[in-house]
Structure formats: structure tokens, C-alpha cells
Amino acid sequence: MNSSRFPSLARPAAAVLALLLAGGLAPAQAVDEDVYPQHEYVGPDDDDKWQELETRLPAFPDPGQFRALPSQLPDTRLEIQLDPDSIRVDEDGVIRYLLRIQSPGGAGNLFYEGLRCETGEYRTYAYATSGDSWQRMRGADWQGLNSGGTARYRRFLHQHYFCEPTEGSLSVDEIRKRVRYGAPRFYDDP
């Protein structure tokens, strides 16, 4: 084979290949624009914004309904108590419950709260320090469980009683069972 002829054949072949590729891509691009018009991407959560249900305060609870939870929180003598019958998982995914935090001397605060497993947030709807009536919290927004202070008690509930790391919120029956009989395992408290 003549080596001088090979380079002269390569140039026309490359030119033909370039024309075919350029011509072949133009119709495909036109079809794509016709079939898939330019639009803004909408993610799965962008269409369905989460909305919290309207929350009504429960009847004031009987103090005998609360169950003390075995808290393994360091540097505290306060007792965490839940009313198992008050716990519910609503359609908006919020777990609502009655929580009492009590000192060894018997003084305590009562809270009606909601917790979201998916976002790791809680919200206090109302509180009571004495008497038998609720004080509604005004303008109380959702707060992160890592915000410190009393949030660590809510983080304890999130980790040990209400939520599974891979599944989100537990069923009402499972949560009540854990409150009545103890959580089956404990995770590390961050």
C-alpha cells in the first residue's frame, strides 16, 4: 500500500464524518426542544409544601397518667414524664404529646408539644406550671433539637422513644409501648 495515498484518503473521510455528526446532531437537538420544552425543575418537595395541622389544646391531664422515663442524661436530676394516652401521630407527621419535667422536690412544668422526626424539630404549643389550665405559647416556632437547654430532653425523646433513624416516626402503638415498658435500645446522646 502506498503510504502517500493513506493521508489523502483520511482527510475526505474525516470531513464526511464531521458533516454526518454535525448533521445528525442538529435534528436530535430540535426534537429534544420540541419534546422537552425548557422549564424550571420542580423537585419532589417543591410542589407539596408541608403544612402543620391546626392544633387544639387537650383537656388538662390527670397527674396519675404520667409515666417516668429512665433518663440517661448526664448532669441532671430532673425526671422526664410522658402521658402515654396523649401521644398521637397526626396526618401532618407531627407527634403530639404531653410532657412533664419534674424536679426531685416535686416541682414541675407541664408542656403540650409536637415533634417532627423528619426535621429533628419540636414546638411547644402550651405550658402549665401550676393550677389546672394551659397557657398557650404565642409565636412559638419550630426549634431544632440541638439548640441546647431543655431541647436535650426532646432530643432524648426523639432518639429513644419517637423516631427511628432510617424510618422516621414510629407508630403510635410502638411509641406508647416504649413509654409504658421502656425503649428497647438506647442510641448515643449527641
(message) Could you report the tightest heavy-atom contact between Pro84 and Gln65, atom names first, then the distance?
(response) CD-O, 3.4 Å
(message) Does Leu57 form a side-chain contact (heavy atoms from CB on, under 4.5 Å) with Tyr112? I'd like the steps, not just the answer.
(response) CA-CA 8 Å; Leu57 298 180; Tyr112 179 58; 3.8 Å; yes
(message) Applying side-chain contact (heavy atoms from CB on, under 4.5 Å) to Trp50 and Thr119, what does each step give before you reach the verdict?
(response) CA-CA 11 Å; Trp50 177 80; Thr119 60; over 6 Å; no
(request) With rounding to the nearest 0.5 Å, note down the distance linking CD in Gln102 to CZ in Arg77. (result) 12.5 Å
(request) Output the distance between atom CD (Glu121) and atom CD (Gln143), rounded to the nearest 0.5 Å. (result) 9.5 Å
(message) Donor-acceptor check, side chain of Arg123 to backbone of Gly114, threshold 3.5 angstrom: yes or no?
(response) no
(request) Could you pull out all residues at least two apart from Asp90 that satisfy side chain to side chain donor-acceptor pair (under 3.5 Å)? (result) Arg88, Arg96
(request) State whether a side-chain donor-acceptor pair under 3.5 Å links Glu52 with Trp142. (result) yes
(request) Would you check if the side chain of Arg178 reaches a backbone N or O of Phe162 as a donor-acceptor pair within less than 3.5 Å? (result) no
(request) First locate atom OG1 of Thr55, then atom CD of Glu113, and finally report the distance between them rounded to the nearest 0.5 Å. (result) 12.0 Å
(request) Could you grab the distance from atom CG of Asn109 to atom OG of Ser103, nearest 0.5 Å is fine? (result) 9.0 Å
(message) Can you tell me how far apart OG (Ser169) and CG (Leu115) are? Round to the nearest 0.5 Å.
(response) 9.5 Å
(request) State, to 0.1 Å, how close Tyr161 and Phe156 come at their nearest heavy-atom pair, and which atoms those are. (result) CE1-CE2, 3.7 Å
(request) Taking all non-hydrogen atoms of both residues into account, name the closest pair between Leu78 and Tyr153 and its distance. (result) CD1-OH, 3.2 Å
(message) If you compare all heavy atoms of Ala151 against all heavy atoms of Gly144, which two are closest, and at what distance to 0.1 Å?
(response) CB-O, 4.1 Å
(request) Grab the two heavy atoms, one from Leu82 and one from Tyr97, that are nearest each other, plus how far apart they are. (result) CD2-CD1, 3.7 Å
(message) Can you tell me how far apart CG (Asp85) and CZ (Arg180) are? Round to the nearest 0.5 Å.
(response) 5.0 Å
(message) I'd like to know whether Leu157 forms a side-chain contact (heavy atoms from CB on, under 4.5 Å) with Tyr122, so could you lay out the CA-CA distance, the side-chain angles of the two residues, the decisive distance to 0.1 Å, and finally the verdict.
(response) CA-CA 10 Å; Leu157 295 175; Tyr122 77 95; over 6 Å; no
(message) Count I, L, V, M, F, W, Y as connected when their side-chain heavy atoms are under 4.5 Å apart, and connections chain through other members. Are Tyr125 and Leu53 then in the same cluster?
(response) no
(request) Test side-chain contact (heavy atoms from CB on, under 4.5 Å) on Arg154 and Leu99 and set out the steps. (result) CA-CA 9 Å; Arg154 283 80 176 190; Leu99 166 71; 3.9 Å; yes
(request) Measure across Ala128 and Ser133 and return the closest heavy-atom pair with its distance rounded to 0.1 Å. (result) CB-O, 3.5 Å
(message) Is it the case that the side chain of Arg176 and the backbone of Ile87 share a donor-acceptor pair, with hydrogens and angles ignored and the cut-off at 3.5 Å?
(response) yes
